Amino acid sequence: MKLKPLGDKIVIKVKEEEKKTTGGIVLPDSAKEKPQQGEVVAVGSGEMIDGKKVPLDVKVGDEVIYSKYSGSEIKMDDEKYLIVKQNDILAIVEE
Amino acid sequence: MKLKPLGDKIVIKVKEEEKKTTGGIVLPDSAKEKPQQGEVVAVGSGEMIDGKKVPLDVKVGDEVIYSKYSGSEIKMDDEKYLIVKQNDILAIVEE
Amino acid sequence: MKLKPLGDKIVIKVKEEEKKTTGGIVLPDSAKEKPQQGEVVAVGSGEMIDGKKVPLDVKVGDEVIYSKYSGSEIKMDDEKYLIVKQNDILAIVEE
Amino acid sequence: MKLKPLGDKIVIKVKEEEKKTTGGIVLPDSAKEKPQQGEVVAVGSGEMIDGKKVPLDVKVGDEVIYSKYSGSEIKMDDEKYLIVKQNDILAIVEE
Amino acid sequence: MKLKPLGDKIVIKVKEEEKKTTGGIVLPDSAKEKPQQGEVVAVGSGEMIDGKKVPLDVKVGDEVIYSKYSGSEIKMDDEKYLIVKQNDILAIVEE
Amino acid sequence: MKLKPLGDKIVIKVKEEEKKTTGGIVLPDSAKEKPQQGEVVAVGSGEMIDGKKVPLDVKVGDEVIYSKYSGSEIKMDDEKYLIVKQNDILAIVEE
Amino acid sequence: MKLKPLGDKIVIKVKEEEKKTTGGIVLPDSAKEKPQQGEVVAVGSGEMIDGKKVPLDVKVGDEVIYSKYSGSEIKMDDEKYLIVKQNDILAIVEE
């Protein structure tokens with residue numbers, strides 16, 4: 001199964017860090033965390049700006065940081081994905 | 001009975017998964033679920049953007065994922081439909 | 001008495017289904033129902049979009065589905081009408 | 001005393017129905033009523049739309065229906081008036 | 001001391017009616033009153049609309065009615081003034 | 001230390017009146033006061049309006065009245081400053 | 001690890017003052033403080049304004065003051081960063 005996001009939408013494969021204490025106990029998510037990171041797996045055809053379609057600034061394979069609480073989570077083939085608008089992407093991680 | 005949605009509106013035939021536990025017990029809907037999936041059965045004539053009518057990006061027959069809590073539910077001939085704006089459609093599922 | 005709606009406004013004659021149980025008891029309206037249906041009896045002169053007047057997409061006689069909680073109800077000659085903006089009309093019913 | 005409304009504003013002389021029961025008792029206003037009716041007594045010079053001034057669609061003498069809770073009430077010479085934006089006028093009553 | 005309002009702002013000298021009962025007792029302001037009246041004492045240079053500066057429709061000396069709870073009150077030389085945007089002015093009073 | 005505000009932002013040196021009773025007791029700020037006054041000490045390069053940069057209407061040295069609760073307070077060299085958008089400035093005081 | 005912010009976004013390295021009393025006790029953050037200061041470490045490609053990309057007004061190395069509660073905090077290599085939109089930057093500090 002593959003997703004083709006519409007317009008300015010972007011599909012991100014969420015990178016999840018296990019939250020364990022040093023003793024190995026898994027911690028629940030706390031409400032106010034740092035922004036999340038993930039890998040772009042599909043991008044829309046572009047954003048309509050003033051009647052013109054502007055291609056998106058991120059591309060498949062980019063590692064991105066997105067703002068928390070943005071987008072819609074989906075599950076596909078047991079992986080967790082997030083569909084966000086490009087505007088919810090804060091930065092591309094360059095390593 | 002057939003529906004002709006206006007403008008940027010789209011009629012989706014909702015795909016409902018029965019929610020059963022392994023023991024066969026039907027579960028109630030929980031409040032925070034993954035986005036919903038359905039099949040496009042009718043599309044509007046297009047979206048007005050800066051005074052021009054732009055044709056929609058989805059077409060009849062597309063399998064789509066839409067964001068939760070969007071649109072208006074209707075029942076027709078015992079089937080459940082949802083009328084959403086194109087902007088509430090996150091991605092087209094390609095299989 | 002006749003109404004001439006302004007701009008993008010539309011007058012709908014509301015189609016009311018009596019809500020009876022099989023035993024004939026009239027039920028009160030429940031809060032979360034399916035969208036309402038009605039017949040267009042008057043349409044405005046058009047919607048201003050980017051300084052141009054665009055004629056409306058619905059016409060008198062159309063059977064339409066409109067989103068709930070939209071518009072203003074009025075009573076005229078003992079019939080119930082609703083005045084909505086075209087944007088609150090979801091779809092035209094074609095039979 | 002006369003009023004010259006600005007821009008897209010319109011002065012309406014409110015038509016008040018006395019609310020009496022058959023026994024003649026005056027009833028208090030209830031919170032959720034049908035939209036109000038009145039006569040246009042003055043209109044502004046027009047609405048600015050995309051930098052152009054567009055003349056209003058209603059004129060002095062029109063009997064209009066306006067949406068409830070819109071506008072500002074004023075009292076002049078013991079009559080009740082309402083100043084609304086044209087957008088709050090739903091329809092012109094033609095008899 | 002004189003004020004030069006910016007852009008679409010307007011300085012109004014508030015006309016206060018003393019609120020006395022027939023017995024001469026001053027009444028406190030009640031929360032829901034009719035719109036206020038005052039005299040324009042200074043007007044801004046105009047409103048920016050679509051990149052062009054449009055001169056204001058009111059001029060110094062105009063007696064105006066403005067919507068309640070709009071603007072900022074200031075006191076100067078023991079007089080009460082109100083600085084509002086032109087959009088908060090409902091009508092000019094012509095006598 | 002000097003500040004160069006961005007775009008339509010303006011730095012104001014706040015003029016504080018000591019709030020003392022006749023007996024010399026300092027009074028706490030009350031919640032609903034008259035708008036504040038101050039001197040412009042730095043102005044941004046202009047406001048973007050419809051894609052064009054429009055120079056600001058206030059200049060360094062202007063005594064201005066600004067609407068309450070607008071802007072961000074900062075402290076520099078033991079003086080209190082406020083950074084506001086030009087739109088939060090109501091009027092220039094001319095003496 | 002390096003960040004490339006998108007569009008009008010800017011990465012700021014937060015300058016943290018330790019909050020100690022004279023006796024050396026670390027104080028908790030209080031809710032209403034002065035705006036924060038930091039150094040720009042990366043800037044986006046520009047802001048889309050009316051369909052044109054306008055380069056940002058801040059550059060890497062600028063010491064800036066930003067409005068409180070804006071942006072998203074991230075932690076990288078044990079340093080605290082903030083990603084904000086240019087519009088949340090109030091002024092550049094010139095020393």
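What you are looking at is a predicted structure, and each value in this text was computed from that prediction instead of being measured. Chain letters run A, B, ... following the sequence lines, proteins first and then strands; every chain starts at 1. Values below: every heavy atom of this structure, side chains too, minus hydrogens, waters and symmetry copies.
- Evaluation of the salt bridge (Lys or Arg N to Asp or Glu O under 4.0 Å) rule for C:E63 yields C:K15 as partners, not counting sequence neighbours.
- Only the side chain of C:K53 has a heavy atom closer than 4.5 Å to any heavy atom of chain D.
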If you look only at distance, which donor and acceptor atoms sit under 3.5 Å apart when one is on a side chain in residues 84-93 of chain D and the other is two or more places apart or in another chain?
{"from": "D:Q86", "atom 1": "OE1", "to": "D:D57", "atom 2": "N", "distance (Å)": "2.7"}
{"from": "D:N87", "atom 1": "OD1", "to": "C:K9", "atom 2": "NZ", "distance (Å)": "3.4"}

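- Summarising the geometry, atom CD1 belonging to C:I74 is positioned 4.0 Å from atom CD1 belonging to D:I65; distances are rounded to the nearest 0.5 Å.
- D:V58 touches chain C through its side chain: at least one heavy atom from C-beta onward sits under 4.5 Å away, while N, CA, C and O do not.
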